[in-house]
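See structure below.
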Protein chains: 2
Amino acid sequence: MSRQMVRPGGRGARVQASVHTAVHELLAENGRETLTVPQIARRAGVTPSTIYRRWGDLQALLSDVAVERLRPDTTPDDHGSLADDLTTWAEHFLDEMSSPTGRAYIRDALLGDPDGGNAGQCSAYAAEQIDTILTRATRRGEKTPDTETVIDHLVAPLIYRILFRPDGLDTTHTHQLVATTLDHT
Amino acid sequence: MSRQMVRPGGRGARVQASVHTAVHELLAENGRETLTVPQIARRAGVTPSTIYRRWGDLQALLSDVAVERLRPDTTPDDHGSLADDLTTWAEHFLDEMSSPTGRAYIRDALLGDPDGGNAGQCSAYAAEQIDTILTRATRRGEKTPDTETVIDHLVAPLIYRILFRPDGLDTTHTHQLVATTLDHT
DNA sequence: ACCTTAAAGCACATTCATTGCGTCTGGTGG
DNA sequence: CCACCAGACGCAATGAATGTGCTTTAAGGT
């Protein structure tokens, strides 16, 4: 139930919004350990039952919030060359995702529905961004790799390190990944 | 607290074993949704307080069990060539990890301690296996990529697809990844 | 303005998480 | 060989969270 069919502007929309912001605030304040449904309900000015009815359980709600917060809010900047665009995007991506908050949201998104519903959405967001960059490069006349190639050799390694080896993250590595990715054209 | 210092053969060891198998069985039977500490305790013939004392909370316990079950039980087979070894290992890896059970264990491992304690352990397991294969190939006189390269361009894409895009998994793709990885020598 | 219907509130029963305290196991030193 | 001691376990109790029937509210259409 991540994609809510709420009458826009109605009471449901207000509740959804206040619950989402309540989750976000409480996560920032106390972390996830002590986060409970009644707590969220109190902060949002709602009763717990409302949350249980709309989202089912805490995990689904967290996953829902996570996906919304992981949605990119802007299209990638245009720096005039594919290499620059990819590098800048990758650095920005790493910045956002490798923070404790970012990692937490990714993990929450992974818990949502067992097959890649919410996680798949996140992946789709990244794919869209990449696609924009690649399309722009193609229009410029540059030779470009496939979106899939970029995902395999740039996005995947970044995410892998973020999730499994938070220590091994540095800018040099990112640049190297961009370079090898561009070899696959 | 994943690495328990239990007196071997004593009561503590029995408790640890029965709790671990209880978790494994209950996960297989009812999935993770309905899994609770008292439930595990009942199945294991233990009281909940024991579990709380030893593991702290459900997540830590799940993470502990996950890491133990994700530990490879055998060294990679030797097929006489790096390409064959890597391909076979990748297919085996994919088989184990892409099952619903495997995915669930990976996600549990990711939840353990916030910085990559348990997840890092899993990554280290994979690195060990890869390292064995690469060392063998070097000893044969083959030209081999770095372990890091294999992780970035083979392991990471596999895991990424397993976690974020369970649909996009096929053998062809795996072979392709092995091929491009071997280009990076 | 009314009517319909989906969503939110309320109250309550059930189950879970968590801790204090006494008991027992099993390794250790005399 | 035996008594001792530290840590681990079981029991029981409490406070909180989960989840559900029933009632009430308000959004959107007629």
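Order of the sequence lines sets the chain letters (A, B, ...), proteins ahead of strands, with each chain counted from 1.
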Length of the CG-P vector between Leu61(B) and dA17(C), whole Å: 11 Å
Gap between atoms CD1 and P, on Ile51(B) and dC9(D) respectively (whole Å): 10 Å
N/O (side chain, Arg14(A)) to phosphate O (OP1/OP2, dA27(D)) under 4.0 Å: yes
Any Thr47(B) side-chain N or O less than 4.0 Å from OP1/OP2 of dG10(D): yes
Qualifying residues under side-chain contact (heavy atoms from CB on, under 4.5 Å), relative to Thr88(A), sequence neighbours excluded: His79(A)
ring-ring contact (aromatic ring centres under 6.0 Å, His included): pairs with one or both residues in residues 126-148 of chain B, sequence neighbours excluded: none
Arg140(A) side chain to Gly80(A) backbone, donor-acceptor under 3.5 Å: yes
side-chain contact (heavy atoms from CB on, under 4.5 Å) partners for His92(B), two or more places apart: Glu96(B)
Residues which pass side-chain contact (heavy atoms from CB on, under 4.5 Å) with Arg42(B), listed by chain and number, not counting sequence neighbours: Pro38(B), Gln39(B)
Summary of protein contacts for nucleotides 17-23 of chain D, nucleotide by nucleotide, where a base hit scores B, a sugar-phosphate-only hit scores S (4.0 Å, heavy atoms): SBBBBB-
Residues in side-chain hydrogen bond (donor to acceptor under 3.5 Å, both in side chains) contact with Ser63(A), at least two apart in sequence or another chain: Asn118(A)
